[in-house]
Amino acid sequence: MLLRARNLSPSKLKPIFSQSLTTITKSHLQNPTNSTSQLLSTTKTSLFFTSFFSSQPTSTPPPPSSSSCLALTRDGNYDDAMPKNAVCPGCGVHMQDNNPKQPGYFTKPTTQNPHTLRNAHLVPVSTELKFSNSVKQGGVVFEPENSDNPDVESVRKPERPVVCSRCHALRHYGKVKDPTVENLLPDFDFDHTVGRKLMSASGTRSVVLMVVDASDFDGSFPRKVARIVSETIEDNKIAWKEGKSGNVPRVVLVVTKIDLLPTSLSPTRFEHWVRQRAREGGINRITKLHFVSAVKNWGMKVLMDDVVDLAGKRGNVWAIGAQNAGKSTLLNAIAKCVGGGRGRGGGEEGKKVVSHLTEAPVPGTTLGIVKVEGVFPSQAKLFDTPGLLHPHQITTRLTREEQKLVNVTKELKPRTYRIKAGYSIHIAGIMRLDVVELSVDSVYITVWASPFLPLHMGKTENAHTMLEDHFGRQLQPPIGLKRVKELGKWVRKEFQVSGNSWDSSSVDIAAAGLGWFAVGLKGEAALGVWSYEGVDIVLRNSLLPHRSPVFEVTGFTVSKIVSKADQTLNKSKRQSEGKRKQKNAEETIPAESSLLTADSRSSSC
């Protein structure tokens, strides 16, 4: 048979070997006395040619090919008419497999042929060290071999969903290969998609899950959404009282990442502070207020129970918040809570709920609206929306590497200075506070920001040299001198503050997306705050009143950034000094040689 196969084309070999395999199987069934070794040898040969000339392995149904070019949009799959597998379950962008330079590109997954024989389940006898207790007791456990058995199918792991290449890179590598692809998408039109559903007087009940970052409350607070929702509540409430159709949205304010705040913070004080800041931000009526940590599963069960009650059987729940506020992480934690049986009324009984939203410490992870399936009972729906872009946050201007330094990932620790008038404090190369005038001798300034950000305290009269000599080097971000110019103009704001206690901070001066200065004094002070133009800086009541028991000293704080910059600077100084010494040595050698020549001539005379 092999001699005959050599003279045939590959297209004619496939039916021959499939027919030979069938013939061998029939002959073995008719004459079971054939040697087993002969059958295995022939089967291996046939399987080799069958697998060699077989087509590509089958796979799970991928998203439909976008041969008909889809419009670039962020609408996602909030509309029931949109096919489920047409949208990336990780970020909500429309899937396509034609152009890798376009958003939503994916590659069709390939899996091994299910008909291919495997011997992975066979364990060599030599690896068995001893007989198991079940065998000693006379019991033998048989593993099921029939793949058609539904019990076997239930044991198999659920298939992973097909996601776009961007989500794949974020999940496995923590970064996007080509960030410019996202710029092709239009800005998320909240008014056109979610806003009109919330403002509609008719339709299903709406629950707004407003997500705010505890470590950057004012910077991540969605003021525009708060204004729209508050106006809708007032208008529809009046219509409802008049007997007309009025859909009054329920607002659930969720403060996430509370594990980043110090444990010494009083919950009662924090709740009072949050409600006051929310009213100033534009929310007139809060139905429920929750403090949660999706990472540590704090407060998730109570949140889930309240949202289920508010949504009812057919309500729509919209998760809304700024970029990197933690919406996707929160919804994944809610899905795990339901799947683990800790939530009430979510999903079908006995069915594990799995959310596939992409989580990454990168602003703007979610690109389109994503419907999270199976979380709520009956026909209630949960939607994740793209993060709202807040240009007043400094993080929107930073690169990925710079964002890693600014983002808070561990519990905040205070860094306190006791300084007099005429001194300044820098937070990296992003923010500076000048103590212009004091009614008392000194003031306590506590910095609450990422521990990766270097600090510097010195005289205000020398502050201009810091911008020229140390921004982009010892004070990062920005990383590099080029980035200093790219971030924009350095502008100043003035604040008049007062306090009545030396033991605690009275007011905060917060920069959106960065952190804040907490000011503690018993008297009055005139302060000047510098940052880049467009960055929102607000004056508020103090969130964390306590300060560090150990004070910082003049100069740079010890950090990896400062140490690395100093090493680079010292290395360049040593290299320049070495070159200068080498040059001086080369100049002295010819002079000495000329003197020796003159001496030899005089001695010869």
Side-chain angles (χ1 to χ4, degrees), residues 207-223 225-226 229 250-263 265 267 269-278 281 283 286-307 310 317-338 342-343 355 357-366 370 372 375 382-390 393 395-396 403 406-412 448-450 510 512-516 543-544:
V207 178
V208 180
L209 212 63
M210 194 171 295
V211 183
V212 185
D213 186 354
S215 62
D216 185 27
F217 189 91
D218 292 281
S220 62
F221 189 83
R223 303 172 190 173
V225 176
V229 173
R250 279 76 168 171
V251 178
V252 180
L253 181 60
V254 183
V255 183
T256 61
K257 306 180 184 180
I258 62 171
D259 56 297
L260 301 180
L261 300 180
T263 55
L265 177 63
R269 173 189 173 88
F270 186 46
E271 180 180 354
H272 177 75
W273 186 90
V274 167
R275 290 185 180 275
Q276 179 184 4
R277 298 305 301 165
I283 296 183
I286 300 176
T287 307
K288 293 288 183 179
L289 174 61
H290 288 273
F291 304 135
V292 302
S293 171
V295 176
K296 297 190 176 182
N297 201 32
W298 293 350
M300 298 304 303
K301 181 182 181 301
V302 180
L303 171 63
M304 182 64 194
D305 292 344
D306 285 346
V307 173
L310 294 175
V317 181
W318 303 91
I320 301 171
Q323 292 183 356
N324 208 30
K327 299 186 307 301
S328 299
T329 306
L330 176 68
L331 298 188
N332 284 338
I334 289 177
K336 292 178 183 178
C337 182
V338 176
R342 294 184 294 273
S355 175
L357 299 175
T358 299
E359 303 175 24
V362 177
T365 302
T366 305
V370 184
V372 184
V375 175
L382 175 62
F383 297 93
D384 185 18
T385 61
L388 302 175
L389 180 62
H390 288 176
Q393 286 182 300
T395 48
T396 60
Q403 289 170 357
V406 173
N407 291 336
V408 180
T409 57
K410 295 182 179 180
E411 181 180 325
L412 286 169
W448 295 94
S450 170
L514 177 64
W516 66 92
L543 169 60
L544 301 172

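Note that the structure is predicted; figures quoted are calculated from it, not measured.
- Heavy-atom minimum distance, Leu260 versus Ser215: CD1-OG, 4.0 Å.
- A search for ring-ring contact (aromatic ring centres under 6.0 Å, His included) contacts involving Trp273 returns Phe217, not counting sequence neighbours.
- Across all their heavy atoms, Ala226 and Phe221 have their closest contact at CB-CE2, 4.0 Å.
- Put simply, the side chain of Thr287 gets close to the backbone of Val251: a donor and an acceptor are under 3.5 Å apart.
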task: Apply side chain to side chain contact (heavy atoms under 4.5 Å, CB included) to the pair Lys288 and Val307, showing each step before the final yes or no.
output: CA-CA 9 Å; Lys288 293 288 183 179; Val307 173; over 6 Å; no

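- Atom CZ of Phe270 sits about 8.5 Å away from atom CG of Leu544, to the nearest 0.5 Å.
- The two residues Gly513 and Val406 make their nearest non-hydrogen contact at O-CG1, 3.2 Å.
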- request: Take Ser220 and Asp213 through the test side chain to side chain donor-acceptor pair (under 3.5 Å) and record every step on the way to the result.
  value: CA-CA 6 Å; Ser220 62; Asp213 186 354; 5.3 Å; no

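- The line from CZ of Arg223 to CG of Leu388 is 12.5 Å long, rounded to the nearest 0.5 Å.
- Counting only N and O atoms by type, the side chains of Asp216 and Gln393 include a donor and acceptor under 3.5 Å apart.
- By the side chain to side chain contact (heavy atoms under 4.5 Å, CB included) test, Val302 is found to be paired with His290, Asp306, residues two or more places apart in sequence or in another chain being considered.
- Here the CG-CE distance, from Leu330 to Met300, works out to 4.5 Å after rounding to the nearest 0.5 Å.
- Taking each heavy atom of Gly321 and Lys327 in turn, the nearest pair found is N-CD, 3.3 Å.
- Heavy atoms only, all atoms of each residue included: Gly326 and Val211 are closest at C-CG1, 4.4 Å.
- In terms of heavy-atom proximity, Thr385 sits nearest to Ala319 at OG1-O, 2.6 Å.
- The CD atom of Gln323 lies 5.0 Å from the CG atom of Leu389; values are rounded to the nearest 0.5 Å.
- Side-chain atoms of Met210 and Ile320, non-hydrogen and from C-beta on, never get closer than 4.5 Å to each other.
- When atom types are taken as modelled, the side chain of Thr256 and the backbone of Ala325 share a donor-acceptor pair closer than 3.5 angstrom.
- Here the NZ atom belonging to Lys336 is positioned 9.0 Å from the CG atom belonging to Asn297, to the nearest 0.5 angstrom.
- Contact check for Val229 versus Ile283: no side-chain heavy atoms found under the 4.5 Å cut-off.
- Between atom CD1 of residue Ile258 and atom CG of residue Leu265 there is a gap of 9.5 Å, rounded to the nearest 0.5 Å.
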